Amino acid sequence: MSTGPYLYDDDPAPLHTGTPRPARALILAVIGGTVAVAVGMAVGLPLVKGSPEEQAREVTGVFLAALAQDDVETAHGLLCAEERARVVPEALSTEYAPGGTGEITGTIADEADGAPVQRVEVAWSDGSTSILTVVSEQGARVCGTSAG
């Protein structure tokens with residue numbers, strides 16, 4: 001400690017006068033809280049985003065509505081990157097909506113190239129059916145069609 005003239009008669013008081021306490025409880029509380037938040041986020045994420053089936057139905061519904069209204073820009077934006085590169089917006093209706101206006105009739109969980117996909121069954125106004133493949137690519141995206 002330094003010596004010298006002080007403003008008061010007493011020496012400077014030590015900064016830490018109490019007995020030291022271990023911080024184990026605080027450390028365990030912080031770690032436990034972090035783990036609880038991580039588990040909560042993992043469990044809650046599907047509740048916020050919806051199941052893969054719900055996501056597939058939603059994106060397919062928007063896709064079909066855009067095609068029905070000739071909004072090829074929106075429909076083209078809902079395609080996966082591979083399909084956007086392959087299909088020009090002007091050919092979208094011919095490629096994906098050959099039977100007029102479509103209505104979703106069901107979904108099937110499947111796998112393509114080792115990745116999970118949803119096959120969405122669509123009934124067209126002319127009586128034909130087709131299956132749209134929906135993949136998870138920065139959100140659900142339509143990525144192919146086949147005859148039903």
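These figures come from a predicted structure and were not determined experimentally. Count residues from 1 along the sequence.
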Spell out, as yes or no, whether a donor-acceptor pair under 3.5 Å connects the side chain of [X] to the backbone of [Y].
X      : Y      : result
Asp126 : Ser128 : yes
His76  : Val87  : yes
Gln69  : Ala66  : no

Candidate list Thr105, Ile108, Thr60, Leu64, test side-chain contact (heavy atoms from CB on, under 4.5 Å), partner Val120, passing option
Thr60
Is [Y] reachable from [X] through a run of I, L, V, M, F, W or Y residues, each pair having side-chain heavy atoms under 4.5 Å apart?
X      : Y      : result
Val117 : Phe63  : no
Trp124 : Val134 : yes
Val122 : Val135 : no
Val37  : Leu28  : no

What are the two closest heavy atoms between [X] and [Y], and how far apart are they?
X      : Y     : result
Gly144 : Glu83 : N-CG, 3.9 Å
Ser93  : Leu67 : OG-CD2, 4.1 Å
Thr101 : Ala68 : CG2-CB, 4.3 Å

From [X] atom [atom1] to [Y] atom [atom2], the distance as rounded to the nearest 0.5 Å:
X      : Y      : atom1 : atom2 : answer
Ser125 : Glu103 : OG    : CD    : 10.5 Å
Arg141 : Gln55  : CZ    : CD    : 11.0 Å
Cys143 : Arg84  : SG    : CZ    : 9.5 Å
Gln118 : Leu132 : CD    : CG    : 12.5 Å
Ile131 : Thr107 : CD1   : OG1   : 11.0 Å
Glu73  : Leu92  : CD    : CG    : 12.0 Å

Do other residues, nucleotides or ligands put more than 12 heavy atoms under 6.0 Å from the CD atom of Glu58?
no
For Glu137, look at atom CD and say whether over 12 heavy atoms of other residues, nucleotides or ligands are found less than 6.0 Å away.
yes
Side chain to side chain contact (heavy atoms under 4.5 Å, CB included) assessment of Arg86 paired with Glu95:
CA-CA 11 Å; Arg86 186 182 72 80; Glu95 181 83 20; 2.9 Å; yes
